[in-house]
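Have a look at the structure below before the remarks.
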Amino acid sequence: MIRMPSQVITLLKPNIAWFVVAVALALSFVGVTVIGTVSEPLSADQSRWIVIALLGMVMCVLPHPKQLGVIALPAMIITLALLLLLLIPGIPTWLVRPRNGARSWINLIFMDFQPAEMAKIVFVLALAQYLRRRDSYRTLKGLLVPFAIMFIPVGLILKQPDLGSALLFPPVLFCMLLVAGAKLRHLMALLSIGVLVVAVNVAIIALDPPIISPNGRILPHPPARQWYHILKPHQEARIAALISQLKDDRRFDQTTGYQSNMAKTLIGAGGVTGMGDRSATILRFNWLPERHNDMIFALIVNRWGLIGGVGTMFLYFLLFYSFLVMAARSKDPFAKLSIVGFASLFFTQATINVAVNIGLMPITGITLPFISYGGSSLLATFMMVGIVINFASRPPEMLARPSFEFDNREAIFQ
Amino acid sequence: MFNRRVAESRLQEKRTIPTVRGRILDRHNRVLAVDEPSYNLALHYDLLTNNWVDRNVRTVARKRAGASWAIMDLNQREVAMAAAREELHKAVEEMWTTMAVTLGSDRVALNERRVKVLEQVQQLAMSVWMRWQQQMSAQLDEPLALSDVATRVHEQRIAHVIMDDLDDDVRLQLQQLITAGRQDDLPNPWAQVSVVPGKKRVYPFETQTFVLDRSTLPIAMRHDTPAEITVHGVGVHAVGWMRQILREELQNPSGRWAGYSVNERVGGWGIERAEEARLRGEEGYEVLDRETRQTRRKEAVLGKDVVLSVDIALQGRIHALMDNRSVNEGGLGLMRYQQWRSREKYLEEDTPLNGSVVVLDVAQGQVLAAVSMPTITMAQLRGEEKVDLSDPINLPYINRPVSMPLIPGSVVKPLVLASALTERVVGVDEHIYCSGQYDAPHGPRCWINNYFNGEHGPLDGAESVARSCNVYFATVAARMGARQLVTWYDRMNVGRVTNSGLEEEARGYLPDLTQAGRPNASGFRVSDAVQMSFGQGPIGWTPLQAANAYAALARGGYMVTPTFFKYADGSHEQVMSDLRFSDAAVRTAMKGLQDSVYQTYGGGHHFNGIDRTRETIITFPGVKVFAKSGTAEAPKLRIDGQIVRGGDNAWFVGMVQRPGSSRPDYVIVVVVEFGGSGAAVAGPIFNQVLYALHAENYL
């Protein structure tokens with residue numbers, strides 16, 4: 001009789017991993033369907049990528065968590081090397097070809113590979129691996145290393161530039177540190193600084209907005225006032241357009257604020273129940289840039305209405321909730337931290353994307369996980385799901401160290 | 001569901017159904033302006049600038065490279081793109097050559113059209129950019145360079161017509177080339193070319209030819225054989241012309257151009273402009289719902305015709321008389337400067353003169369002809385012939401009969417006499433003694449004193465008009481006072497537009513009756529009144545205002561709004577007012593005018609010709625003429641401090657009465673700027689206008 005590995009036995013029993021896969025597939029199905037509204041070929045492409053992504057997920061289910069922990073650091077180094085490769089001047093353009101001015105893709109002939117997607121996975125694993133073995137991050141000074149782990153890839157990604165991907169890292173770090181047991185007051189202090197920086201920048205833009213010519217050209221600020229404008233002019237223009245639109249000022253509707261305005265129009269047009277099959281025609285004549293990527297949520301609401309939008313968000317909530325349940329059940333600190341990392345990554349990504357679509361945040365270029373069109377992003381997303389299932393499918397190890405019960409530490413040793 | 005409506009509105013494809021602009025007809029229903037369908041050749045701006053090549057280089061290079069494009073590095077791509085650029089330039093060159101051959105034109109001519117369109121668009125873009133620059137510099141509180149705001153304006157993103165009115169076979173050939181170009185998988189310049197339906201406004205009577213008898217001209221120009229004169233630009237000032245509406249003008253939603261679309265042609269001048277609302281009609285539209293494929297349609301409303309009071313044949317005939325080409329170039333010579341007709345020598349001999357003629361129908365106040373010289377032709381407006389529209393000396397675009405107020409000189413005297421007699425400041429039979437100077441030694445001199453150091457002696461009203469005595473009128477005006485005299489001028493519509501129907505009408509000059517701060521109780525000095533009594537000083541009127549005032553005198557004191565329209569309706573209503581001239585006043589003024597023409601002492605009777613022989617001014621037989629000449633000292637025209645024109649404006653204003661009529665039938669006003677003597681310069685033209693009226697069956 002063949003002895004089945006305990007992991008397979010665990011997986012075959014009804015368990016939460018099934019549920020996670022089902023939700024992920026449901027979200028992917030929403031994606032394929034809504035991409036099909038605007039382009040059948042892209043939808044077929046996306047379906048093929050789902051199959052590949054599922055294979056990637058299975059590959060990530062198999063290795064033992066310990067092995068994942070072991071390879072986390074080398075993988076991080078390789079990823080950083082790839083991120084560096086993107087930025088090396090003189091690298092042949094057939095290998096690294098800038099798209100819209102961003103050096104984010106490596107040409108693998110059969111596909112374009114985006115190292116930033118890989119960075120998201122290995123960052124979570126490497127950080128989890130680092131945090132499981134230490135408790136130095138309970139001091140302010142000890143937070144330096146985790147922040148360094150974040151800032152190195154973030155810095156390289158920002159250099160591409162890919163602000164959208166870079167924005168996802170700080171919330172993930174924050175959540176993982178919180179779960180790992182870093183002091184709340186330290187985190188709150190850092191968070192306050194972050195909020196303050198954002199608020200000051202928004203205030204600067206609101207008080208001294210960039211001048212946008214009638215044709216949408218953004219003019220530089222006069223030299224005397226340039227020193228306090230930290231953001232790039234096009235970034236400031238997006239925020240200025242957002243502020244204007246929130247005040248119902250329609251000046252930028254045809255230029256800088258076009259994408260945001262069109263997304264809101266399509267969302268509003270969807271109403272409660274959506275436009276159904278009419279959506280395809282409506283979308284053909286209401287051109288929304290990046291509609292199958294960053295702006296796909298607007299398409300979902302246009303097609304299925306408020307019900308569809310809330311339903312999609314509910315699926316994300318289920319996914320997030322399932323991840324948290326798995327994290328809570330996990331006794332392995334590495335697994336627990338990784339699951340929290342991935343959960344926070346999905347949560348942040350979905351939240352920012354929806355906020356951008358409904359016009360609460362400026363356009364940042366963040367995709368909607370599982371739904372937006374794109375092979376390497378879909379593959380990375382399912383690989384994260386695979387890793388999470390991997391962790392959840394392991395029977396608890398008896399000799400595992402009690403995780404992060406710092407408050408009782410003294411009591412244990414008394 | 002505001003957003004749903006917004007999103008759904010984009011499913012509607014709206015196509016306008018063009019209307020046909022109304023015609024402009026003359027009083028005999030001859031068509032002066034009409035829309036004819038045409039096809040125009042348009043090229044996208046990028047193709048005109050060659051930006052099209054740059055925009056397509058990458059696409060062509062990529063298509064040519066196929067799958068290997070993905071593994072090419074930047075240098076290899078540059079090489080591929082250079083080859084593509086050369087290929088595209090060649091394609092564009094071939095397109096221009098083929099186009100020139102198809103159009104039966106040549107590359108040089110086509111290139112000129114191309115450059116002209118580019119210049120126009122760049123000029124427009126420049127003005128837009130300069131406005132943005134100004135606005136944004138103010139906003140930023142920092143000076144901005146033009147390059148900071150220079151982004152493509154709308155006109156730099158659309159196709160522009162470079163050739164209009166294509167023949168049918170040329171159009172078909174071009175359409176085949178365009179269709180082939182559009183089916184090409186690779187970018188093809190022909191795909192950026194289009195044949196667009198258009199309309200051309202045709203002015204059939206703009207060019208006319210007349211055979212004119214020269215045997216009745218002054219001796220200096222007289223000839224036994226008639227002259228055949230072809231004139232261009234007949235009636236163009238009055239009928240007007242079309243122009244392209246500017247995008248800038250459309251930006252005011254409540255402005256005059258609300259509801260107009262970019263590139264629409266609108267009335268730019270004259271009746272075309274004044275009657276835009278009536279002529280334009282209303283475009284219809286067809287809305288296709290791209291979802292249901294259903295259409296909704298609103299039919300176009302055709303523009304209405306406008307019938308003018310002008311007789312285009314009479315207008316053309318007078319235009320030919322006024323043609324200021326030299327005799328050698330085919331003109332009559334009436335509108336050339338000749339020193340024997342002038343007392344001052346500011347101009348070179350044979351310089352072309354400017355001026356105007358108005359013929360007004362007394363009974364109805366309708367303008368039969370209004371000729372402005374120099375004229376402007378449609379070919380010049382289309383840019384086919386060169387003309388300096390901003391020429392500050394000749395001002396060719398000005399419609400002189402209604403837009404150029406001039407010092408009237410002595411032609412006001414019969415009107416002043418009628419006013420003074422009505423006010424009883426002077427008796428009908430009262431004689432005033434002319435000693436050659438009014439209020440000697442400093443007052444104004446009479447012309448008889450100026451020229452001959454003489455005097456008129458005692459004169460009554462009629463004789464003073466006929467002899468054009470300044471002292472008589474200075475005395476009468478001093479009795480009236482400036483305020484009363486200005487009041488009379490004001491009643492005669494001097495200083496106010498006549499509402500004849502053209503927007504270009506000028507008000508003329510007259511002191512403001514409410515003007516304060518001037519010495520003496522009446523508000524004006526007596527010297528103002530004295531000057532104005534013989535048409536000098538602070539007064540200026542247009543030829544149409546002069547005709548209107550004389551017509552009132554001919555009607556016994558009834559002023560009627562002069563009009564360019566045959567039918568008085570809605571917007572062109574004519575208003576009548578009574579000046580309340582006394583019968584004796586009208587009778588005396590008319591006698592003065594008649595004596596001026598028929599008594600040998602009259603100022604309108606004769607002039608001394610080139611060899612000092614006496615030449616009778618009015619030679620046209622069988623009608624009664626009442627007229628007055630005027631030689632008005634005009635302010636010198638200076639440009640950059642240099643006197644470029646000086647001397648006297650020559651006026652000859654009068655009425656003509658057909659046999660059997662109880663009062664005059666037509667008023668004729670002739671004025672020649674800086675021409676010299678009213679009698680010698682304007683008088684012969686007046687006489688020729690009578691022949692023209694006869695030739696067109698008015699006399």
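The sequence lines fix the lettering, A, B, ..., with proteins before strands; numbering per chain opens at 1.
Proximity to chain B is limited to the side chain of Met262(A), based on heavy atoms less than 4.5 angstrom apart. Contacts of Arg77(B) with chain A are made by side-chain atoms alone, with heavy-atom separations under 4.5 Å and no backbone atom involved.
The local environment of NZ in Lys232(A) is sparse, with at most 12 non-hydrogen atoms from other residues, nucleotides or ligands closer than 6.0 Å.
To the nearest 0.5 angstrom, Ile17(B) atom CD1 is 9.5 Å from Glu283(B) atom CD.
Listed options Glu8(B), Arg10(B), Gln76(B) were ranked by heavy-atom pairs under 4.5 angstrom with chain A; first place goes to Arg10(B).
A salt bridge between Arg15(B) and Glu13(B) is absent, with no side-chain N of the basic residue lying under 4.0 Å from a carboxylate O of the acidic one. For Asp208(A) and Arg225(A), the salt-bridge test passes: some basic side-chain N is under 4.0 Å from an acidic carboxylate O.
Between the side chains of Gln160(A) and Arg103(A), no donor N or O sits under 3.5 Å from an acceptor N or O. A side-chain N or O of Asn353(A) and one of Asn357(A) form a donor-acceptor pair less than 3.5 Å apart.
Residues from residues 280-289 of chain A that place a non-hydrogen atom less than 4.5 Å from a non-hydrogen atom of chain B comprise Thr281(A), Ile282(A), Phe285(A), Asn286(A), given in numerical order.
Under a cutoff of 6.0 Å and an axis angle of 45°, Arg152(B) and Tyr45(B) do not form a cation-pi pair.
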